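Here is the structure we will look at, set down as structure tokens.
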Amino acid sequence: MKPAEVVLTPEFSRQVAELYHDMEAAYDKTAGSLQFSCSGCPDNCCDSYFLHHTYTEWSYLWQGLKILENSQRQSITEQAKKYVLESEAVLARGQRPIIMCPLNRDGLCSLYSHRLMICRLHGVPATFIRPDGQKINFPGCFRCQEQIAADNSVVPLDRTQFFRRLVDLEIGLLGHRRMTAPKVKLTIAQMIVKGPPSL
Ligand code: SF4
């Protein structure tokens with residue numbers, strides 16, 4: 001059977017938006033307890049190399065891309081193609097790419113409402129309990145770490161519940177296709193270049 005585009009129902013999209021909203025609220029709470037803000041930072045996290053693993057986020061990202069003007073989407077796609085080529089070259093040298101995300105324009109995200117999970121959680125100190133019970137600690141960005149050095153009473157953001165909710169959404173989205181669907185392991189640029197996911 002010919003692959004068909006993964007389409008998100010309005011209710012599913014609402015649940016993704018709700019999850020993203022809750023992530024933002026948790027981020028704001030942790031950042032607020034640190035009196036931390038990205039404003040004035042000399043760095044930009046959007047050049048960090050991250051891989052993403054769900055059809056849910058891939059599809060939701062494309063939901064946002066489709067709303068953009070054609071010309072803007074084309075320009076982003078050209079940028080994404082460059083990103084893919086450059087990142088492959090850097091990875092082939094055994095290094096981790098540091099390349100600005102193709103969605104970033106003049107330092108700002110041009111698809112802010114549809115940005116991915118890690119874009120919403122990165123920066124502040126966080127923890128994550130893996131399915132095998134092992135706890136992973138994320139220290140936060142360099143500015144957050146400076147802040148924590150001055151105030152070690154901060155409670156890290158717990159990413160676990162958000163990962164679990166995303167996994168639940170993914171299971172619901174894929175249904176019986178879950179066992180056969182190819183694993184997703186893509187940068188945002190690759191998601192853009194490949195187009196919306198099909199199964
Ligand atoms: S999607 Fe937006 S917030 Fe995330 S890395 Fe790209 S530009 Fe930055």
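As the structure lists them, so they are numbered: ligands from 1, and atoms in each ligand from 1. Index from 1, following the sequence. Computed from heavy atoms alone, side chains included, the values below leave out hydrogens, waters and symmetry copies. Nothing here was measured: the structure is a model prediction, and the numbers come from that model.
In this structure, Glu78 does not pair ionically with Lys82, as no charged nitrogen and carboxylate oxygen lie closer than 4.0 Å. Ion pairing between Glu5 and Lys66 holds under the 4.0 Å rule for side-chain N and carboxylate O.
Arg73 places a side-chain N or O within donor-acceptor distance of the main-chain N or O of Leu65, the cut-off being under 3.5 Å.
Separation of atoms CZ (Phe163) and CG (Leu121) is listed at 7.0 Å; rounding is to 0.5 Å.
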Ignoring hydrogens and angles, write down the donor-acceptor pairs under 3.5 Å from the side chains of residues 29-41, residues two or more places apart or on other chains.
unit_1 : atom_1 : unit_2 : atom_2 : d
Thr30  : OG1    : Ala26  : O      : 3.1
Ser33  : OG     : Thr30  : O      : 2.7
Ser37  : OG     : Ser39  : N      : 2.9

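Gln15 and Glu11 are linked by a side-chain donor-acceptor pair at a separation below 3.5 angstrom, with hydrogens and angles left out of the test.
Protein N/O/S atoms found under 2.8 Å from atom 8 (Fe) of ligand 1: Cys46 SG.
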